[in-house]
Each structure stands twice: as structure tokens, then as C-alpha cells.
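Each remark here refers to the structure printed beneath this line.
Note that the coordinates shown come from a computational prediction; the quantities given were computed from them, not determined experimentally. Order of the sequence lines fixes the chain letters, A, B, ..., with proteins taken first and strands second; residue numbering starts at 1 for each chain.
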Amino acid sequence: MTRRKPSQQTSQHPPEACHDAAWLRAVRSRLLLWYRAHARDLPWRRTRDPYHVWLSEIMLQQTQVATVIPYFERFLTALPTIADLAAAPEEQVLRLWEGLGYYRRAQQLHSAAKQIVEMHGGRFPAEFEAVIQLPGIGRYTAGAILSIAFDVPAPILEANTVRLYSRLWQFDGDPTSRAGQTLLWGAAEALLPRRGAGEINQALMELGSQVCLPRGPLCEACPLAALCPTRAEGLQDQIPRVKSKPRVTPVRHLLLAIERRKKYLLRKGRDGDRWVGLWDFPRFELANGDRVTDSTALAKVIASELGGPIAIGERLASWRHTVTRYRIELECHAARVQSRELRGKTSHEQRWFTLEEIAELPLNTTGRKLYRLLCE
DNA sequence: AAGTCGGGGGG
DNA sequence: CCCCCAGACTT
């Protein structure tokens, strides 16, 4: 058991040295007894199909279980095999992802499916080196897929187990630091059994998410409480250390519903934009005190970006939307084109769509919200 | 080591 | 309002 001072916690001994083999065996066996009695019945736990496990792991990145479930089932109904995914148009994949966020996950999943068809005959690879080379799959996701789908003894480390291991090893340094990562990955490795790594890994995450909570962990219900040094010293609310978060900066956006003959002008996000690959209504950032209706500078920007002059009309709606570290004050206006066509050059891909066509397009969340307003 | 990428759940 | 989430990737 570790009894070193916090300042020395991150150095000197490898994590294996902190807990002996008997302690590790006790953790595994108590954990498995608890898990077999308390595991939630989740869709991706009913199968070991590598495609299903892979899809669930990608969707679950930075996304909570309850949010993922309906997306997971709808996605597999639409694209039941890796070959189906590889052959699907990107806009269908993004449409299935719409609302989940982190859309690059969907694009990399799609790209990886094509690679699997090309390089592995459509069969998900079972070797770590091949798996981690696929786009969108890092050390955690590779370990999760390999251990769950193929029973490969690969360690995992993610939000739940960072917290669990920090407490079990009483690590009070910064978990994201080099030393923290080394210690925590070492802990994950030390806990691995020779067989059944997938079950252990899922049990560790389940305990972390259901019992070893960020604040107010349920130590009374924890099967590992008697083995936990942090619990013994009552430090479970100080470990792991929390990092302060960056400030949120407010911005204003203008969203234009430009209609011409029952069609609306949409633009597709490209590299450098926020929602790459998703369609959006023409969107412009406003200066601080800018009034939408009488800014000639704004009119120039709009005309140059859309390829012709636009007359801004009445306000349709306004609301607030927070993304990453920006709080967007959104103002939606109706608008009409003044020339017969927008014929100037545009750096974005932009096209006119009917409402029926927009229904099938991948949009970002605010774009979808404005679409619904226009349908009323 | 810090930024970026989204959106919703829940206190 | 706040914190948090089965991370990966770039700078």
C-alpha cells in the first residue's frame, strides 16, 4: 500500500510496486462478482461482433451512454455491416450522426470502414498494430475493441477508470500529465487478467461510472471500499484533482433563411469551419454592437461570401447555443436575393434545397432547429 | 501540454 | 449557472 507523500507520488516506483499480486487478485475477483450482479443491460453488451463493439466505442467517446443508445440502434439498422458502411455516401453517415456532435468521428469511422474493406477483406482486424492504425481509433478504443471483441488482454484508460485508478492508487497529481498517464496506464495493465480482459475492462468502467462518481462517490456500495487507500483516508472528494476550465467567450451569429421559389440556400462546412461536412444556413459572425439591419460593412461581407447581394428581412427567431468554449447568441433573419442569380465566386459549396430535400441532409443543431421553424 | 472538436444530461 | 462525459488528433 502506498503511503508516500503526495509530492513524491508521481515518481520513483512503477505502479505495480504499489500494490502486490494478492491485492490485484482481490480487486479483480470482487469486481467481477459485483459486475455480474449489477451490469446494466446495454445494446452493445449483447454482442461481441467487432463492428458493433467498434461503433459503440466511437459513439461513446466523450458522449454519455443514455445519449448513445438510440443512435447506436438506428445506425446499425441502416448500415448493418462494415461493407454497408463502407459503401454508404458520406452524407448518409453524417445524417445518422446528426445531433451526436464531434462529427469527425463519423467521417473517420466511414473512412476506416473503407480501409477495412480494402486492406482486411471487410473483416475487422484482430491485431493491436492494425487496429490502432485505423483513423479515429487511439489507444483506449483499440484496447476496448480488442479486449471485448477478441479477448485480447489490452488495457484501457478513459474518464471512468482515470477516476477509479486515481483513487485505488491514491494518485493526487494531475492525471493528464506525463507522470499521471504513465501511472494510470500502468494501473490498467496491472489489473489485466490473462483471459477475460473484456469483462474486466467493462466492469472497471461500470464501477467507475455507477459507483466511483466524480463527486460524492458511493463508497458504501463499492465492492472495493476495503481495498481503497483513498477511501481509508477519506480523500475521495479530493482525488482525482480537477482542472480549472477555460472561460467561455460570447459571440454573435447571424443565420439567414434565404428563400427563392420554395428553395433555401445552404452551405456545406469545409476545412477550417466548425461543422465540416454538415450543411448549414449561411452564417455570419457579428461584431459586438452590430445591428443586423443597417450595417453596410456586413452587407458587403455577405455579398462577397454568397456571390451576390442579399437583402436582410425580418427577424424569425433568436436563441442561445453553446459549443465548445463559445456561447453563441444566434439571430435568424429571413432574406431575399436581389439579383436573379448568385453568380459570384464562393469559397463554400452552396446550393438551393427544398424543405423536403433539407429533411434528408445532415445539418448542425442550430441549422436543424431553424429548418423546423421554417416547416411551421 | 494545451487547443479543438458538440451536444446534452444532470446537479 | 455549473460540471461532466467509454477520446482522438493537431499544434
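Under the rule for a ring-ring contact (aromatic ring centres under 6.0 Å, His included), the partners of A:His38 that lie at least two apart in sequence or sit in another chain are A:Trp34. With sequence neighbours excluded, the residues satisfying salt bridge (Lys or Arg N to Asp or Glu O under 4.0 Å) with A:Glu331 are A:Arg252, A:Arg315. For A:Arg36, the salt bridge (Lys or Arg N to Asp or Glu O under 4.0 Å) partners at least two apart in sequence or on another chain are A:Glu199. For the ring-ring contact (aromatic ring centres under 6.0 Å, His included) test, residues two or more places apart in sequence or in another chain that qualify with A:Phe353 are A:Trp279. Residues passing the ring-ring contact (aromatic ring centres under 6.0 Å, His included) test with A:Trp275, sequence neighbours excluded: none. Legend: residues meeting salt bridge (Lys or Arg N to Asp or Glu O under 4.0 Å) with A:Glu329, ordered by chain and number and at least two apart, are A:Arg320, A:Arg327.
If you measure from atom CG of A:Asp271 to atom C1' of C:dT10, you get 13 Å, rounded to the nearest angstrom. Taking atom CG on A:Leu146 and atom C1' on C:dA6, their separation rounds to 15 Å, with Å as the unit. In this structure, A:Glu57 atom CD and C:dG7 atom P are separated by 9 Å, rounded to whole Å. A straight line from CD of A:Gln181 to P of B:dA2 spans 13 Å, rounded to a whole angstrom. The distance between atom NZ of A:Lys243 and atom C1' of C:dC3, rounded to the nearest whole Å, is 15 Å. We find that CG of A:Asn160 is positioned 12 Å from C1' of C:dG7, with the value rounded to whole Å. Look at CZ on A:Arg241: it is 17 Å from C1' on C:dC3, rounded to the nearest Å. With rounding to whole Å, A:Leu213 atom CG is found 16 Å from C:dA6 atom C1'.
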Under 3.5 Å, side-chain donor or acceptor atoms of residues 236-248 of chain A against the rest of the protein: list the pairs with distances, not counting sequence neighbours.
from: A:Asp237; atom 1: OD1; to: A:Gly216; atom 2: N; distance (Å): 3.3
from: A:Lys243; atom 1: NZ; to: A:Thr176; atom 2: OG1; distance (Å): 3.4

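With both ends at atom P, the span from B:dG3 to C:dA6 equals 24 Å, rounded to whole Å.
The residue A:Arg163 sits close only to the backbone: its heavy atoms come under 4.0 Å of sugar-phosphate atoms, none of a base. Nucleic acid contact for A:Trp44: base, since at least one base atom lies under 4.0 Å from a heavy atom of the residue.
Each side chain to side chain donor-acceptor pair (under 3.5 Å) pair with one or both residues in residues 69-87 of chain A, not counting sequence neighbours, appears once here: A:Thr81-A:Asp84.
Cluster note: A:Met205 groups with A:Tyr140, A:Ile156 through ILVMFWY side-chain heavy atoms spaced under 4.5 Å, whether in direct contact or through intervening members.
Remark: A:Glu91 engages A:Lys268 in a salt bridge, criterion side-chain N to carboxylate O under 4.0 Å.
Comparing A:Leu42 and A:Arg215 by the nucleotide of DNA chain C whose heavy atom lies nearest to each, the residue mapping closer to the 5' end is A:Arg215.
One finds no side-chain N or O of A:Arg327 lying less than 4.0 angstrom from the OP1 or OP2 phosphate oxygen of C:dC2.
Cluster membership check: A:Val117 shares its hydrophobic cluster with A:Val93, using side-chain heavy-atom separations under 4.5 Å among Ile, Leu, Val, Met, Phe, Trp and Tyr. When hydrophobic clusters are built by joining Ile, Leu, Val, Met, Phe, Trp and Tyr residues whose side-chain heavy atoms come closer than 4.5 Å, directly or via intermediates, A:Ile132 is not grouped with A:Leu192.
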Report summary line: Under a 4.0 Å heavy-atom criterion, the protein footprint on nucleotides 3-11 of chain B, written with B, S and -, is -SBBBBS--
Query raised in the report: Would you write out the dot-bracket form of DNA chain B, 5' to 3', with Watson-Crick and G-U pairs under 3.5 Å, [ ] for crossing pairs, | for pairs to other strands and . for unpaired bases?
Result: |||||.|||||
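Residues from residues 136-144 of chain A lying near DNA chain C, meaning a heavy-atom separation below 4.0 Å, are A:Gly136, A:Ile137, A:Gly138, A:Arg139, A:Tyr140, A:Thr141 in numerical order.
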